[in-house]
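Structure, as structure tokens:
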There are 2 protein chains.
Amino acid sequence: MSTPEEQLRRQGYRVTGPRRRVLRALGRLGHATPDQLASALARDGSAPIALSTVYRNLEALTEAGVVTHSHLDHGPPSYHLVDHGDHLHLVCSRCGSVTEAQPASAGELAGNLLREHGFVADVTHMAIHGRCRRCAGATAPGGEDR
Amino acid sequence: MSTPEEQLRRQGYRVTGPRRRVLRALGRLGHATPDQLASALARDGSAPIALSTVYRNLEALTEAGVVTHSHLDHGPPSYHLVDHGDHLHLVCSRCGSVTEAQPASAGELAGNLLREHGFVADVTHMAIHGRCRRCAGATAPGGEDR
DNA sequence: TTGAATGCAAAAAATTTGCATATTG
DNA sequence: CAATATGCAAATTTTTTGCATTCAA
């Protein structure tokens, strides 16, 4: 495993300035869309990094296994470091809030899928849609909508 | 419950020609992106439906609870009828294949989330990323990538 | 009749690509 | 030095919006 930079180099990717900054920014932000990253980087003192470079870097970092993303909802995907700490994303489809939950909650699911389909689920950053506690209360579970 | 059209009308939406055709097309296709829908509709004999109308209809149908979508992967979301039959989508992040699994597999997950977070998960059309049986075999679970 | 829905064109977003130049290993 | 990465501009792709017209209720 080792550090992200070693991991990059080991796989033939170059460790460049912009690449390093993208990594640091991801570390700081936790989660961010390509656009948010570019903005954050533009505001962090050094020279701004071209948006296209951010995209290409996220792609490279993903291939290198240092970064992943999840689709929390509509809109651009949210990227984060692989070791940012695993957690499920509970996305409320009513109010849009995102709560984090422990991956352990999905342990049985992963087991079932492996057993029944031979599918190795990555439940470490999964997005699950539904209603958060507050919104679930507002609208009855089986009730009318809207 | 009743038919989608009744459900629409009951909620104040109008049942129009294009809207009906979008519903039928979704029924036929199972899953489709807005773009795929528009293409399918353009090829089904009658007049093509403006892409913007497809978007607006999918939005309306979603609000009415007749249609949902899932983000199977990058790219546009995939829409389908709510009663197309519930199933989880197992998306292989290596080969891109999509397998369907029974929602029951996620029963415990839903239970856990409800208990621990009061979160009412909608596991009926959830997308789960990972490696399908074939690709999991090709790359060792903890093995090198690439 | 009258407000909601449609089509079409134009505007925004979100991504990707080409290419000359700068950098890493 | 050779290959990869960057920046910038332009091209794509995806989604949204404005508006006059048509249509369902």
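From a predicted model like this one, the values you see are computed outputs, not experimental measurements. Residue numbering restarts at 1 for every chain, and letters A, B, ... go by the order of the sequence lines.
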Next on the checklist: Measuring centre to centre across the rings, with the benzene-like ring taken for any Trp, is His71(A) within less than 6.0 Å of His129(A)?
Outcome noted: no

Item to check | Given dA5(C), dG25(C), dG7(C), the nucleotide with the shortest approach to the side chain of Thr16(B) | outcome: dA5(C)

Checklist entry - Can Glu63(A) and Tyr13(A) be counted as having a side-chain donor-acceptor contact under 3.5 angstrom? => result yes

Checklist entry - Where does the chain B footprint on DNA chain D start and end, counting 5' to 3' with a 4.0 Å heavy-atom cut-off? => result dT14(D) to dA25(D)

Checklist entry - Side-chain N or O of Arg19(B) less than 4.0 angstrom from OP1 or OP2 on dT6(C)? => result yes

Checklist entry - Stepwise, does the side-chain contact (heavy atoms from CB on, under 4.5 Å) test hold for Leu90(B) with Val98(B)? => result CA-CA 5 Å; Leu90(B) 309 183; Val98(B) 178; over 6 Å; no

Next on the checklist: Using a 4.0 Å heavy-atom cut-off, does Arg56(B) contact any base of the nucleic acid, only the sugar-phosphate backbone, or nothing at all?
Outcome noted: base

Checklist entry - Counting any heavy atom closer than 4.0 Å, what does Asn57(B) reach on the DNA or RNA strands: base, sugar-phosphate only, or nothing? => result sugar-phosphate

Next on the checklist: One pair to check against side-chain contact (heavy atoms from CB on, under 4.5 Å): Ser78(B) and His69(B). What are the steps and the verdict?
Outcome noted: CA-CA 5 Å; Ser78(B) 188; His69(B) 67 269; 6.0 Å; no

Checklist outcome for this item: Taken to the nearest whole Å, CD/Glu63(B) to P/dA4(C) is 13 Å

Next on the checklist: Walk me through whether Met126(B) and Ser70(B) qualify under side-chain contact (heavy atoms from CB on, under 4.5 Å).
Outcome noted: CA-CA 7 Å; Met126(B) 184 169 53; Ser70(B) 14; over 6 Å; no

Checklist entry - Reckon Leu51(B) touches a base, only the sugar-phosphate, or nothing at all at heavy-atom distances under 4.0 Å? => result base

Checklist outcome for this item: Judged by nearest nucleotide, the residue sitting upstream toward the 5' end of DNA chain C, Gly17(B) or Glu59(A), is Gly17(B)

Checklist entry - Counting side-chain heavy atoms from C-beta on, which of dT16(C), dT6(C), dG25(C) comes nearest to Ser52(A)? => result dT16(C)

Item to check | Contact under 4.0 Å: Arg9(A) side-chain N or O vs dG25(C) OP1/OP2 | outcome: yes

Next on the checklist: So, taking the atom named CD in Gln36(A) and the one named CG in Leu41(A), what distance separates them when rounded to the nearest 0.5 Å?
Outcome noted: 11.5 Å

